Trainee: 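Questions regarding the structure given below will be posed in turn.
Everything numeric here is computed off the predicted structure, so don't read it as measured data. A note on names: the letters A, B, ... follow the listed sequences, proteins ahead of strands, and every chain is numbered from 1.
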Amino acid sequence: MEFFRKTLDPIIALAAIAVLDIFMFLLMGAWTVGGGETMMTGLMAQAVLGDELDRIPFWSIVFPPHADYWKIYISLGMLFGAFVGAVASKEFYLRVPRHLSEWVLITIGGLLMGFGIRLAYICNVSTFFGLMPEMNLGGYLAMSGIIAGAWVGSLIYKKLLERDT
Amino acid sequence: MTPIVECLVAFLFGSVAGLLMQRSRFCNTAALRDAIMFKTYRNTKAMLVAMMILTVGFTGFMSVGAGHPLQFDVGLNTFAGLFLFGIGMVLAGACTVSTWVKAGEGNIGALWALIFTFVGMFLFSLVWSASWWPPAPQTMTGQINAPALQLGFANAQTLQDKFGIPAIVFGLAQTAFLGLLYRGILRRERAQHAEHEKHQKEHQKKKAAAAAAVEA
C-alpha cells in the first residue's frame with residue numbers, strides 16, 4: 001500500500017488529527033497525554049507501594065488512581081498505532097542510544113518533562129491542541145513557557161555539541 | 001457515555017493519531033526546536049495548520065455551549081512547568097507525543113524517556129505533598145488568587161459571557177493571527193530557497209571559471 005511506502009505530509013496528518021480531535025472534544029475533551037501519563041504513574045505507584053501510597057496526599061487529593069480514566073487510552077492507542085504503522089512499513093527495529101551521554105540527557109530530559117507537566121497541570125499536547133484553541137489563558141502562559149524552555153534547552157544542547165566536537 | 005465507551009473512543013483516536021504521526025514523522029519537539037536551532041519549519045507549519053482548524057472548531061462549538069473545554073486555574077506554575085518541560089524535551093529529543101510514537105517504532109531511548117517522565121511525575125507528587133502548591137483542583141476559585149500566584153480561569157467561553165460576543169469571533173481573530181504566522185514562515189522559506197539557489201549558481205560559475213582557467 002502506498003500509504004506505508006511514502007512519508008506522509010505532516011500537514012495532512014495533523015489536519016486529519018485536528019478534525020478527529022474536534023470530535024473527541026465534543027464527546028469527552030481535547031487530545032491530551034500528560035493526564036493519562038499521571039494516572040499511569042499513580043497506578044504503577046499503587047501496584048508497588050500498595051496502601052503506603054495513602055501517605056502521599058497528592059494521590060488521594062489531586063489524582064486518585066483509577067484504571068478507567070479515558071486519557072490513559074489515548075497514549076496506549078498512540079503506542080499501538082505507531083507500532084502498526086512501523087511494522088506495516090517495515091520501519092520497526094530496536095534503536096538503542098549508543099553513548100552514555102545520550103542516556104544521561106534522555107534521563108534528565110524525561111525527569112524535567114514529567115516534573116514540568118505536573119507542576120503546570122498540563123502537557124505540551126494540551127497546550128497546543130487543547131488550551132490554545134480553546135483560547136484558555138493557560139495556553140498562552142504555557143506556550144510562552146515552552147518556547148522559552150525550548151530556547152534555553154537548545155542553547156544547552158548547542159553547548160554540549162560544541163564541547164563534543 | 002460510560003467510562004468503557006470513553007476509553008474505547010480514546011484508544012481509537014490515539015491509534016489513528018499514532019499511525020498518522022508515525023507515517024508523517026511529526027514531532028512537537030521538532031516543531032519548536034528546529035524552528036529555533038535550524039530555522040526549518042516542516043513540523044512548525046503542520047502544528048500551525050492543526051491549531052487553526054482546532055481554534056475554529058473548538059470556539060465554534062463553544063459559542064453554542066457544546067464541547068468539553070478544560071477547566072482549571074492557571075498561574076505562574078503553568079509557565080514554570082512548561083518552561084521545565086521545554087528544556088526537558090530538547091534534551092530528551094522527544095515530547096509526550098513522540099515518546100509514545102517512537103517507543104512504538106522500537107526506540108529504546110524514547111521508552112527510557114517515558115519511564116523517567118513517570119519518575120518525574122512521581123517526584124512531583126512528593127514535592128506537592130510537602131508544598132501543597134499549586135492549589136488542588138478542589139480549592140480552585142476561577143478568580144485571581146495572588147498569594148497562590150494564580151490568575152484564575154479564562155477562555156473563549158468566559159470572553160463570550162463577559163462581552164456578549166460569540167466565542168467564534170475571538171476564535172477567528174486568533175486563527176487569522178496564526179494564519180499570518182504561517183504566511184510569514186512561507187515567505188521565510190521562499191527567501192531561504194532563493195538564497196540557496198543563488199549560492200548554488202555562484203558555486204557553479206566559480207567551478208566553470210576554474211575549469212576554464214585549467215584548460216587555458
Trainee: Examine whether an atom of B:Phe38 lies under 4.5 Å from a heavy atom of chain A, and if so say whether it belongs to the side chain, the backbone or both; otherwise answer neither.
Mentor: neither
Trainee: Contact part of A:Phe128 toward chain B, heavy-atom cut-off under 4.5 Å: side chain, backbone, both or neither?
Mentor: both
Trainee: With a 4.5 angstrom heavy-atom cut-off, could you sort out which part of A:Met132 is near chain B: side chain, backbone, both or neither?
Mentor: both
Trainee: Contact part of A:Trp59 toward chain B, heavy-atom cut-off under 4.5 Å: side chain, backbone, both or neither?
Mentor: side chain
Trainee: I'd like to know if B:Glu189 and B:Lys45 make a salt bridge, using a cut-off of under 4.0 Å between side-chain N and carboxylate O.
Mentor: yes
Trainee: Flag the one option from A:Ala16, A:Gly77, A:Gly116, A:Gly42 with the top tally of heavy-atom pairs under 4.5 Å to chain B.
Mentor: A:Gly77
Trainee: Chain A heavy atoms under 4.5 Å from B:Val101: which part of the residue, side chain, backbone, both or neither?
Mentor: both
Trainee: Measure distances from B:Ala130 to the heavy atoms of chain A and classify the residue's part below 4.5 Å as side chain, backbone, both or neither.
Mentor: neither
Trainee: Contact part of B:Met1 toward chain A, heavy-atom cut-off under 4.5 Å: side chain, backbone, both or neither?
Mentor: side chain
Trainee: Checking heavy atoms, do the side chain of B:Phe122, its backbone, both or neither come under 4.5 Å from chain A?
Mentor: both
Trainee: Identify which of A:Val104, A:Val84, A:Ile12, A:Ile17 forms the greatest number of heavy-atom pairs closer than 4.5 Å to chain B.
Mentor: A:Ile17
Trainee: For the pair B:Glu6 (side chain) and A:Met28 (backbone), establish whether a donor and an acceptor sit closer than 3.5 Å, ignoring hydrogens and angles.
Mentor: no
Trainee: Would you confirm whether B:Ser63, through its side chain, and B:Ile168, through its main-chain N or O, come within 3.5 Å as a donor-acceptor pair?
Mentor: yes
Trainee: Ignoring hydrogens and geometry, is there a side-chain-to-backbone donor-acceptor pair from B:Thr117 to B:Ala113 under 3.5 Å?
Mentor: yes
Trainee: Are the side chain of A:Asp21 and the backbone of A:Ala30 linked by a donor-acceptor contact shorter than 3.5 Å?
Mentor: no
Trainee: Among A:Tyr93, A:Phe92, A:Phe83, which has the most heavy-atom pairs under 4.5 Å with chain B?
Mentor: A:Phe92
Trainee: Of the backbone (N, CA, C, O) and the side chain (C-beta and beyond), which part of B:Leu48 lies under 4.5 Å from a heavy atom of chain A, both, or neither?
Mentor: neither
Trainee: So which part of A:Phe23 gets closer than 4.5 Å to some heavy atom of chain B, the side chain, the backbone, both or neither?
Mentor: neither
Trainee: Given a strict heavy-atom distance threshold of 4.5 Å, which part of B:Val5 is in contact with chain A: side chain, backbone, both, or neither?
Mentor: neither
Trainee: With a 4.5 angstrom heavy-atom cut-off, which part of A:Arg5 approaches chain B: side chain, backbone, both or neither?
Mentor: backbone
Trainee: Heavy-atom pairs under 4.5 Å with chain B: which of A:Gly36, A:Ser75, A:Ser144, A:Gly29 has the most?
Mentor: A:Ser75
Trainee: Is B:Phe170 in contact with chain A via its backbone, its side chain, both, or neither, using a 4.5 Å heavy-atom distance?
Mentor: both
Trainee: Name the option with the most non-hydrogen atom pairs under 4.5 Å to chain A; the candidates are B:Asn107, B:Ile115, B:Thr175.
Mentor: B:Asn107
Trainee: Can you tell me which portion of B:Trp128 sits under 4.5 Å from chain A's heavy atoms? Options are side chain, backbone, both or neither.
Mentor: side chain
